[in-house]
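The structure presented is a predicted model; accordingly, all values stated were derived computationally and were not measured.
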Amino acid sequence: MLCEGVSLAPTAVASAGSPGLLPAGHGGKPGAGDDPCAVGDLKDTVVKAELHLDHDSRTFTKLSSKLTLEVPLSWPRAPELLLGEESDRYRRAMRCLARGTIEGLWTRWEEWRPSEPTVVPFVDGPGHAGPRENRLKVVIAAHGWVEQRGELHVGPWSVHVGKGNWLIRLDEPDTLTHAQWEQITVDPGRTGAASATPAPTSGKGEDALVWQLTNTCGLPNLAVHVVPAWPRSFSAQDDNPPFSAFDEAGPLLWILVVVGVLWRAVVLLPRRRAPEPIEQKAVTNLWNWSGTLLVVAVLVQGYHLRLGWIGVFEDAKEWREQALHAPSAWLTSAAAGAVLLLFARPARSVKVIGTMLSLIVVVLSLWLGEAGLDPKEFIQPATTSMGRTVAAVWVITGCSFGLFLLGGVAAVQRLAVDGGLTSRGHAQPGIWLLSGSVLTALAVLGICYAAAAERDWNRVAWLSPRIDPGAVGYGPWHRAELRGNLLWFTHNAQVWWFAMLWIPSGVAVLAVLRGRSVRTERATVARRSPHGADRLLLLSLFPIMVAMNLGEYTASAALVWVWFFVYFFVLAGTLRLFAGRAVAAQPLERSGEALGTVLTASHRPRLLDRSRRYRELHGQLRRLDQGQPDEGSAQRWVVESRLRRLHRWRSSTGQDRLPQGVSVVDVALALGPCRSWWDNGVKAALLTQPVSLPFSTLLVWETMLRGDSLTSTLHYRLGLPDVLTQLLLWQIGYASAGFLLGALWHELPGRRGPAKAFPLAVAYTVPIGLFALGNWGLGEEQTALAFSAAAMLLILTVTGIMMDLETFRGEQHFWRSRLGLLQSVYQMRYVSIQLAWLLAQAAAIVTIWQFFADDGASSPPTSENR
């Protein structure tokens, strides 16, 4: 019997959710005169409440609430539960059961619902206080994540989140205080409960704690203390200083590392007396872009670091005060855009547009300051017209972010054109096309942003009546919330855009490598990969453009910069480890010179011709071994002597022979399909695109469009545009990996493309494995990590095969299909090995996909706390 506790005082719980948005429990008046919820008729309602804490394989602990009610049909509001979900009468009846008697606007930003409440007639046997056939069974499910200190409300439960101790209480709606509470269940998860009062009827340790109640007992004053594991406790403090400052400092440090590496490479680049014009421009642009990137990072990320340092978003209840910091994003974004335009030095017409946008931002900022724009009042219901102020905020928001967008596009355009990555004629869009593109992007982002904000509002205000019950009700607060989203648009969009600054950084590096390769192409010297400072730039592409976004432990990005060095040194170490096994590194039999030092572009035509004769002679040998000699064919010793002559090579010391075990086919494959390492890289990058597109699509689906991830995408303000953006970014990453495969082709081990792909895949996988090991130790999710590593291996393997086919593409017209050419190049034994290797990788990917495709490991929906 559990009669030792006292009943909880009737209370209605609501909370403000995300900072910058409106709080809960505003507007409306409690029912006066008559009882709006007919509480007296709910005393026969049978209630069960459950709360489950899931700490495993998550960054944030997930709270899952389930409230089950058996409502008697004698309750006057019971028929309203069967109405449409958009009916105000349905909302009133459901609000009585889920919230209590308080009328008016009611919002919970931290509470999420997997589905609408289910309402079905009860068909079970007789119940506690009468036949259950005369009841409706209502199940209200909700969930939330412990991602911030303070008070968290999910269903009828409240969780006070402290630094190391969480207190769980049952705060039942006042309408259910005298209902028949049958059972209460609290599952504290793997860590178990530190204490529970009153003592539960059953359960201990990690088991669910159950309180079985009787009709004669009052509802106990339930309190359960949970001491979570330290990773879950740290994750719940990511908005609290100093954790929030560390989180914002990580991306800034990553930029500083990139800038330092780029400056170091520019300093080490050898100065040529007569550099190529394209090389000179590319090096100058790289130096200037490094400084520009540093200034933009300090402006944008420094602004966010300051907000984290002073703990702007620490307390969700201070949402009005947090709004005071939103307008500063206008000037920050405009200043960053102006810096990017100064670097880009675009056409005069673009400069005019940039100047106009800058003037508009400055003038409107001064006007709004003089007009007395109070962000705290702007995001609350207004008693007077705010049309002019809203219009001004619309204009300044569009101009500030449009300037940032225009500057970014112009910067990438300059880096690509000056570096020879694209032709000047195709890379200079007209002023109308450029302006139209920026306006279209702003319009799409704005529409998606507004749609997500509206969807989020409908989620949190689902129990609020749409017809205003008082002077300040649903409509005024709805409009105020939309103004709040407008106020924070620049801040949120700035975060989204800042995360893509690695793209122009990679383009700047590629431009320098392109310029440095021009002289090599004209001199037709040995096809070696870059060395010295050029090699530093080439290897830096790996952490800048290929690497996954790793390093966030316990919801903090404080260590993301460390993974730049991890990726860089793992790739450098892998290349050094396998360097001696490359075909180009093998010594000639007599002189001992490395094959790569004597291999030049002029050898290509002759090598391809000798490779074909080599394969034809081997075909004759196989037929002789099978007892099927061709009519008039040479004797076996004649064929063998011809094969021996094909192994001859001319070195600096005279006649020589190819390295032991290396054939002319191997040498031709080691050259790759193009004349230079740059062209090999470009060719491999292009070949990755059709191969990688299905995997990019699957990764985007898994991380953004599946399970809880879909909920996050639909409610995240820039979630829908981010789907297409992430698909594009995955494709860019795979193209960059293909470029590295082609550029390093001559020094990668193995005789054929699939073998050459393996070291790069290893360098990509090792940091992922280290990161996954850390996630395993911290008990965090591993979503898509194994799949992305396996996908990279398969993509590079297929790209390697296609590179080998491109090497002998001149023979394509002699074969009925590319498979026939592949069989000729690889020979039957190697073809079977490569096919088995591909099938093994495909089977591994399918297995990994099935194993890790678990909705339960999804992250919480991205909260809009800006």
R459 side chain to E111 main-chain N or O, any donor-acceptor pair under 3.5 Å?
yes
Could you check whether atom CH2 of W496 has more than 12 heavy atoms from other residues, nucleotides or ligands sitting under 6.0 Å from it?
yes
Ignoring hydrogens and geometry beyond distance, is a side-chain donor-acceptor pair present between S692 and Q731 at under 3.5 Å?
yes
Whether over 12 other heavy atoms sit under 6.0 Å from R264 CZ
no
Salt bridge check, R717 against D456: does any charged N sit closer than 4.0 Å to a carboxylate O?
yes
Is the count of non-hydrogen atoms from other residues, nucleotides or ligands lying under 6.0 Å from M356 atom CE greater than 12?
no
With distance as the sole test, does S244 use its side chain to make a donor-acceptor pair with the main-chain N or O of G308 at under 3.5 Å?
yes
Taking the side chain as everything from C-beta on, heavy atoms only, tell me whether I353 gets closer than 4.5 Å to S435.
yes
Taking atom types as modelled, is there a side-chain donor on S505 or W289 under 3.5 Å from an acceptor on the other?
yes
Does the S556 side chain pair with the main chain of Y553, one donor and one acceptor, at a distance under 3.5 Å?
no
Answer yes if the ring centres of W457 and Y474 are under 6.0 angstrom apart, and no otherwise.
yes
Tell me yes or no: between the side chains of Y449 and N492, is some donor less than 3.5 Å from an acceptor?
yes
Quick check: are there more than 12 heavy atoms from other residues, nucleotides or ligands sitting under 6.0 Å from CH2 of W497?
yes
Closer than 4.0 angstrom, basic N to acidic O: yes or no for R149 and E314?
yes
When rounded to the nearest 0.5 angstrom, what distance separates CG in L152 from CD in Q148?
9.5 Å
Around W394, counting heavy atoms of other residues, nucleotides and ligands shown, do more than 12 lie under 6.0 Å from its CH2?
no
Sequence neighbours left out, what passes salt bridge (charged side-chain N to carboxylate O under 4.0 Å, His left out) with R455? Give chain and number order.
none
Between the OG1 atom in T688 and the CD1 atom in I732, the distance rounded to the nearest 0.5 Å is 11.0 Å
Donor-acceptor under 3.5 Å (S709 side chain, L705 main chain):
no
Would you please indicate yes or no on a ring centroid separation below 6.0 angstrom for H304 and H491?
yes
Tell me the side-chain hydrogen bond (donor to acceptor under 3.5 Å, both in side chains) pairs involving residues 438-447, sequence neighbours left out?
none
